[in-house]
S.K.: 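This is the structure I want to talk about, given as structure tokens.
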Amino acid sequence: MIQLSGCTPKPIAAYLKAVGVLRVLNNQRDSTITGCWQKDVFCLETDLTPDSLTHESLTEFFLNDYQPTPLVAPWNGSTGFYPKDKAQKKLLNSFCESTADRFNSYKNTITTAQGQVDALGLAKQPTGEEKQKLLMRLRNTLPETALPWLEACALVTGEEAQFPPLLGTGGNDGNFEFSRTFMQQLGVVLDIPTGKPTPDSEGLLKAALFALVLPDLNYTGKIGQFDPMATGGANAAPGFDGESRVNPWDFILMLEGAMLFVAGATRRYEQDTSGALSYPFTVRPSNVGYASAAMGDKSRAEIWLPLWDNFTPWEDLQGLFREGRAKFNQRMVVDGVDFACAIAQLGITRGITEFIRYSFQERNGLSYFAIPLGRFTVQSNPQMDLLAPLDGWLRRLKGVVNADNTPASLKQAHRRLETAILKLAKSTESQRGERLLDILISLGEVEATLDRAYRTKEAKDKALNPLSMGKNSFKWLQECRENSPEFHLALGLAGQNLRERLVWVRYNEKRQPYWLDNDDKRTVWRQGATLEQNLIAWLKRLDIETQQQEKNNEKPEENTPTPPTVSLNYLYQWLMEVVDTRRIEALARGLSLLNLQDYKLAKTYKTPPIPASYALLKLVHYRHLTDNHLNSLAPNLFKSKPLTLAAKALPPVPGLITQLAIGNEARATQLATRRLQASGLRPFTQEGLVSNLPPPRLAAALAFPIAAEDILRLLAQVQKNTQNQDNNQNQENENHDNA
């Protein structure tokens with residue numbers, strides 16, 4: 001085995017150089033040579049004797065035996081094939097007049113290409129239909145050795161030619177023409193007339209292959225988009241700017257490797273005869289998931305370069321890159337986020353261990369550079385399967401976001417969602433629960449933004465149907481549950497059909513969500529209001545709805561599932577203001593998308609010192625102290641201290657929430673005390689209470705559901721000692737009558 005220390009995964013020029021070395025060696029020297037990546041270095045191995053693959057033998061081969069692939073591009077300007085290209089014509093003639101056998105294929109290719117240009121009567125660089133005709137003729141007549149370059153530069157079919165992003169726009173990047181530069185760089189390391197290596201060639205080759213640091217080497221030329229650090233310009237060296245420093249062998253071997261990426265056509269539908277450009281591991285750009293990501297980024301495309309750690313022959317590598325496509329949820333990926341999902345879902349296999357994500361982005365004016373955006377390990381990520389049922393909705397959302405006149409707020413929310421998806425795809429096993437929860441939060445934010453943006457439209461005109469999580473709510477909750485007070489408080493809110501209080505979304509008989517056409521007053525959340533303010537608005541609306549139901553003699557549905565409850569421990573943290581209300585709201589929005597009606601939490605019996613004000617208020621707001629379930633639980637919880645339950649359901653307490661909202665805790669607790677007395681209970685006080693808690697905080701706390709056992713604990717806390725109950729019965733009856 002031999003390590004090529006100069007061939008690394010980054011920049012993209014070094015990656016292409018690595019596969020270029022393997023390609024050239026396999027085609028021209030030893031077909032048993034295999035290659036792989038180990039510790040970010042490209043390694044070679046051969047089935048022949050070990051002595052046949054050494055630093056010295058590789059150097060000797062490239063200096064004396066290497067036959068450059070004939071790269072010509074007569075479809076581009078300034079390539080020497082047209083009358084005005086006088087300087088470039090001299091370059092072509094130097095190859096045609098060379099006596100070296102290593103350039104024989106170049107001679108034949110140049111002669112054939114010039115013949116096709118002359119046959120079409122072209123006097124300048126062709127465009128449109130003429131360019132298409134020239135490409136078709138070249139595809140049919142060029143020598144076999146020249147076809148890999150043509151196929152890597154352009155997809156030539158019966159329709160308009162298409163140009164893959166790796167090689168710019170057909171083998172050039174603006175005025176930087178690759179095939180011409182390739183020949184110029186060959187002239188730096190090889191004497192064209194004789195084919196002998198130049199004096200500097202050996203040192204440059206060793207620097208390119210083995211990363212040897214040799215002083216006073218002649219680094220000249222350009223490299224374009226393939227190595228941003230080597231292009232020179234501002235901040236490229238100590239001082240204000242620097243010159244381009246490109247090893248000619250780097251450029252030569254890089255383009256030899258670029259021919260592994262052959263363009264092809266894929267059919268959109270079986271009945272469709274048109275072809276769409278297909279390029280190995282290349283997708284549309286997703287401008288998210290990297291430090292400098294911004295909405296205004298201009299990108300040509302993304303290319304995901306695979307790394308593999310098993311020695312692989314060139315033929316197998318060609319097969320991998322010919323296939324060169326990834327699938328997520330049984331469909332072909334179309335952009336960077338899709339590709340990351342495919343990796344996490346093992347939509348890519350074939351022995352690949354890792355992918356490096358590159359994007360061709362506009363930088364330094366109008367120039368494009370291949371920018372590395374991160375590395376993604378190929379590993380099984382079962383949590384990614386939870387996104388598969390949402391794939392159709394996410395694709396439609398992307399279409400809405402990309403449409404004209406889409407609100408900037410929706411675009412930003414969508415970017416945060418895609419960033420969260422990328423983080424999940426890239427996460428380790430210990431991070432996945434947190435990352436999945438971030439996705440759920442982002443989905444809640446997207447729905448809130450959709451609701452604000454399109455609320456005025458009728459349901460049939462809305463841009464997108466509400467998201468349905470299907471039957472995976474329990475799995476989502478199992479995978480992304482976190483043991484924090486914010487999560488448990490949010491879960492208690494979300495389980496009470498919170499979604500309809502947040503947005504204009506309702507459910508039909510089949511539990512399918514739909515957008516509401518007209519305001520039914522059930523949605524109370526206001527943008528910009530605090531969580532406390534919105535919870536108070538919700539409680540006030542619940543009071544109105546309850547009064548309407550009682551007025552209409554409507555009975556609550558039997559066997560209605562109870563929502564997840566909040567333990568008194570977490571509720572205490574809410575009252576003490578030691579929780580993050582913004583995170584609670586964000587979590588509640590995401591959790592509201594799930595079906596939580598049948599979800600049960602493990603019970604906790606740790607009861608902190610709950611303020612008496614809250615206990616009084618919660619009991620009268622609960623109103624169901626005659627419930628049979630409470631009667632059955634009470635003897636088990638308080639065996640030596642029997643509880644007196646209400647004789648009948650507690651009537652509502654008008655103005656209770658309003659008094660708290662305006663800061664009048666004493667009046668609110670006094671109303672609660674009197675209601676309990678009037679219902680046959682014996683609170684420990686007959687006056688109002690004033691705690692150190694903000695009254696709006698107390699009011700909002702009533703929105704969190706608590707378990708029946710905790711209701712009984714609160715009742716035991718506020719009642720007088722129930723011993724000697726018979727001796728005090730007359731006094732209690734008198735108090736009841738007075739109330």
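The figures that follow rest on heavy atoms only: side chains count, while hydrogens, waters and symmetry mates do not.
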S.K.: Could you tell me whether the side chain of F328 reaches within less than 4.5 Å of the side chain of V337, counting heavy atoms only?
M.R.: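 No - every pair of side-chain heavy atoms lies 4.5 Å or more apart.
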
S.K.: Salt bridge check, D338 against R331: does any charged N sit closer than 4.0 Å to a carboxylate O?
M.R.: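 Salt bridge flag = yes for D338 with R331.
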
S.K.: Given 3.5 Å as the limit, does a donor-acceptor pair link the side chain of R375 with the main chain of I356, or not?
M.R.: no

S.K.: Would you indicate whether the side-chain heavy atoms of I439 and L387 approach each other to under 4.5 Å?
M.R.: yes

S.K.: Any idea which heavy atoms bring P654 and P652 closest together, and the distance?
M.R.: CD-O, 3.3 Å

S.K.: Evaluate the criterion side chain to side chain contact (heavy atoms under 4.5 Å, CB included) for residue pair S592 and L502; output intermediate values, then yes/no.
M.R.: CA-CA 9 Å; S592 71; L502 296 169; 3.7 Å; yes

S.K.: Could you tell me whether a side-chain N or O of R541 sits under 3.5 Å from a main-chain N or O of K521, the two making a donor and an acceptor?
M.R.: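 Confirmed, R541 side chain pairs with K521 backbone.
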
S.K.: Looking at A342 and V333, what are the two nearest heavy atoms and their distance?
M.R.: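 Distance-wise, the nearest heavy atoms are CB-CG1, 3.8 Å.
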
S.K.: Would you check if there is a donor-acceptor pair between the side chains of Q412 and R415 at a distance under 3.5 Å?
M.R.: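 No, Q412 and R415 have no side-chain donor paired with an acceptor closer than 3.5 Å.
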
S.K.: Could you give the side-chain donor-acceptor pairs of residues 511-518 under 3.5 Å, partners two or more places apart or in another chain?
M.R.:
| residue | atom | partner | partner atom | Å |
| --- | --- | --- | --- | --- |
| W515 | NE1 | L464 | O | 2.6 |
| D517 | OD1 | A459 | N | 2.5 |

S.K.: Only one of R589, R452, R499 clears salt bridge (charged side-chain N to carboxylate O under 4.0 Å, His left out) with E447; which?
M.R.: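 Between E447 and the candidates, salt bridge (charged side-chain N to carboxylate O under 4.0 Å, His left out) is satisfied uniquely by R499.
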
S.K.: Indicate the atoms forming the closest heavy-atom contact of A490 with A588, along with that distance.
M.R.: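 Here A490 and A588 meet closest at CB-N, 3.5 Å.
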
S.K.: Is the side chain of Q717 donor-acceptor paired with the backbone N or O of I610 at a distance under 3.5 Å, no angle test?
M.R.: yes

S.K.: Are the charged groups of D520 and R506 less than 4.0 angstrom apart, N to O?
M.R.: yes

S.K.: Quick test of your reading of the model: are R357 and E302 salt-bridged, counting only N-O distances below 4.0 Å?
M.R.: yes

S.K.: Quick check for you: to the nearest 0.5 Å, what is the distance between M469 atom CE and L443 atom CG?
M.R.: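 Going from the CE atom of M469 to the CG atom of L443 covers 6.0 Å.
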
S.K.: Taking the side chain as C-beta and beyond, is there a heavy-atom pair between Y572 and P485 under 4.5 Å?
M.R.: no

S.K.: Among L625, T673, L676, L671, find the residue that satisfies the side chain to side chain contact (heavy atoms under 4.5 Å, CB included) test when tested with V620.
M.R.: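 Answer to the side chain to side chain contact (heavy atoms under 4.5 Å, CB included) test with V620 among L625, T673, L676, L671: L676.
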
S.K.: Between E545 and R522, is there a side-chain N and carboxylate O pair less than 4.0 Å apart?
M.R.: yes

S.K.: Under 3.5 Å, is there a donor-acceptor pair between the side chain of N534 and the main chain of L531?
M.R.: no

S.K.: Are any side-chain N or O atoms of Q379 and backbone N or O atoms of S427, one a donor and one an acceptor, separated by less than 3.5 Å?
M.R.: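 Such a contact is found between Q379 side chain and S427 backbone.
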
S.K.: Answer yes when D543 and K540 have at least one side-chain N-carboxylate O distance shorter than 4.0 Å, and no when they do not.
M.R.: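 K540 and D543: not salt-bridged.
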
S.K.: Under 3.5 Å, is there a donor-acceptor pair between the side chain of D451 and the main chain of W504?
M.R.: yes

S.K.: Ring centroid separation for Y570 and F704, is it under 6.0 angstrom?
M.R.: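 Between Y570 and F704, the centre distance exceeds or equals 6.0 Å.
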
S.K.: Just checking, is any N or O donor in the side chain of Y507 or N595 under 3.5 Å from an acceptor N or O on the other one?
M.R.: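 Result is no, nothing qualifies.
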
S.K.: Y622 versus L702: any side-chain heavy-atom pair under 4.5 Å?
M.R.: no

S.K.: Tell me if a side-chain donor or acceptor on E532 pairs with a main-chain N or O of A700 at a distance below 3.5 Å.
M.R.: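 Answer holds: no.
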
S.K.: Treating T449 as the side-chain partner and A413 as the backbone partner, does any N or O pair qualify as donor plus acceptor under 3.5 Å?
M.R.: no

S.K.: I'd like to know if the side chain of Q496 reaches the main chain of G492, judged simply by a donor and an acceptor atom lying under 3.5 Å from each other, with no hydrogens or angles considered.
M.R.: yes

S.K.: Closest approach of W304 and G336, non-hydrogen atoms and distance?
M.R.: CZ2-O, 3.4 Å

S.K.: Nearest heavy-atom pair of Y290 and Q361: which atoms, and what distance?
M.R.: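 Heavy-atom minimum between the residues: OH-NE2, 2.9 Å.
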
S.K.: For the backbone of E665 and the side chain of T669, can you confirm whether one donor and one acceptor N or O come within less than 3.5 Å of each other?
M.R.: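 Checking the backbone N and O of E665 against the side chain of T669, a donor-acceptor pair under 3.5 Å is found.
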
S.K.: Is the closest side-chain donor-acceptor distance between Q719 and T644 under 3.5 Å?
M.R.: no

